[in-house]
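Data block below; observations after.
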Amino acid sequence: MNIQEIFEKIYHAAEKCGYEIYVVGGYVRDQLLDKTGKDIDFVVVGDAMKFADQLKKDLHLRNLVRYPRFGTFMTKYYDYELEFVNARSESYSKNSRKPVTKQADLHSDLSRRDFTINTLAMEIKPGSKETIIDIFNGQQDLKKGIIRTPLDPEQTFMDDPLRMMRAIRFATRFNFTIEDHTYQAISKNKDRLNVVSQERITDEFNKIMLAKRPSVGLELLDETGLLEIFLPEFVETKGVEQKEKYHHKDVFNHTLEVLDNIAKKSDSINLRLAALFHDIGKPKTKRFDEKNGWTFYGHEIVGKRMIGKIMKRMRYSADSIGYVQKLTALHLRPMALVDSEVTDSAVRRLIFLAGNEIDDLMTLCRADITSKNPKRVKKYKNNYDHVLQKIEEVEERDRIRNFQPPVDGLEIMKLFNLEPGPKVGQIKKFVEEAILNGDVPNEHEACLELIKKNRTILLKP
Ligand code: ATP
Ligand code: MG
């Protein structure tokens, strides 16, 4: 079923109700940018709930979700996520953040939208050519790459301050410029972001983080003053010099570079967050040392602690938080391996600690090489390749990544006639250490032998 056929069916359903219907917002915008999306928003000039009944019948829909209070409903049809909303106007009063909405015509509906590029509507009458309705010169802004509010920007951002984050999201995603008045209004009204729920802010922030070059968004968030409001800890990294002699970037700019490097390799929001937060402990641990210049001893541990607080406040899941903390705590380990000789046992220990996150940890480490000095970059990259190769060798042989004790507690208890208790744990730990040290292979028989051989020491009270 192609999209034209779907539009045709939807159009006929609306016709039966005597309603006008248009496609609006993101889908129209993206189509004009030669991008095809699967999310389509429709405006119904009429009663969306009655239209829902008609559409359900005509398209034999089963999964239709209604929000009568908001005059909207959504459904999935083939590959598409379709969302329908009553044409409405919104008015905001000073005392409440909830707008009063009224049924309205298409034009009033379009003027309540956030940016001119999002006010475009498209007719879907079958047979006629797709007509774009463009009352705010959205197409021109789209061509020029401009983010601009259709009405007074101050009012627009007062009404819904999340739109300030959305402006930056669209500017980042499309590499557009925020028009001057719109930009000024963001700077001026940044504090209004405080009235927006953290969930909505984080949702928008994630979308910025998922852009091709997240650094563009973070710089805009910083320059407008929005970043200071929901992530002041990251603003603190500005002006914090790095220790390298030839490294002129501060921690803020270094981090942005790491983030963009990671964005080229992965779409995972968690890995991107790890890139964003991996040096967050640096401002707090910065010391000047006569011999070494600026140092940041322990910043990975201080950072880990800070991340727990920050990400919880930002309402990230416990899984995300644990992951970002783990990568941050370990981010210096792989490269530290080269300082000494890269021994098998050091590599085994690293794989053991990182577990399933070992690949992501290595991706982060690779992205972390940002020096401008070509000699250093070359040296670091060589070191990195060396460590990576070693990890692959050791993992292939010893399978530490998904470490399961080769002798389990039950077997130990049976062997020595032990009750459950700390002794069993101690013996397991002994085996684990022996494997990581390379004293014994990661195999059941060999480990069992080892335990038997050390019976006397192990059972000593
Ligand atoms: P995306 O590609 O991320 O879905 P989108 O433009 O479709 O981008 P949505 O959040 O899906 O963004 O919203 C759909 C449309 O609804 C927007 O294009 C815009 O016209 C309007 N809209 C959404 N949120 C707001 C808001 N906070 N204020 C004003 N208009 C909004
Ligand atoms: Mg959308």
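Reckoned from all heavy atoms, side chains included, excluding hydrogens, waters and symmetry mates. Counting starts at 1 for both ligands and their atoms, in listed order. Positions are given from 1, in the same order as the sequence printed here.
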What donor-acceptor contacts under 3.5 angstrom involve side-chain atoms of residues 17-24, with partners at least two apart or in another chain?
unit_1	atom_1	unit_2	atom_2	d
Tyr19	OH	Asp47	N	3.4
Glu20	OE1	Tyr22	OH	2.5

Atom pairs and distances, side-chain donor-acceptor, residues 131-140, under 3.5 Å, sequence neighbours left out:
unit_1	atom_1	unit_2	atom_2	d
Thr131	OG1	Lys129	O	3.2
Asp134	OD1	Asn137	N	3.0
Asp134	OD1	Gly138	N	2.7
Asp134	OD2	Gly138	N	3.4
Asp134	OD2	Gln139	N	3.1
Asp134	OD2	Gln139	NE2	3.1

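Expressed to the nearest 0.5 Å, how far OG1 of Thr72 lies from CE of Met49 amounts to 6.0 Å.
Each of Gly25, Gly26, Arg29, Asp41, Arg112, Arg113, Asp114, Asn118, Asp160, Arg163, Arg166, Arg169, Phe170, Arg173 has a non-hydrogen atom positioned under 4.0 Å from some atom of ligand 1.
Considering His254, Met335, Glu257 in turn, His254 is the only one that fulfils the side chain to side chain contact (heavy atoms under 4.5 Å, CB included) rule with Asp368.
Legend: ring-ring contact (aromatic ring centres under 6.0 Å, His included) pairs involving residues 83-120, not counting sequence neighbours, sorted by first then second residue: Phe42-Phe84, Phe51-Phe84, Phe73-Phe84.
Remark: side-chain polar atoms of Lys326 are paired, donor with acceptor, to backbone N or O of Ala354 under 3.5 angstrom.
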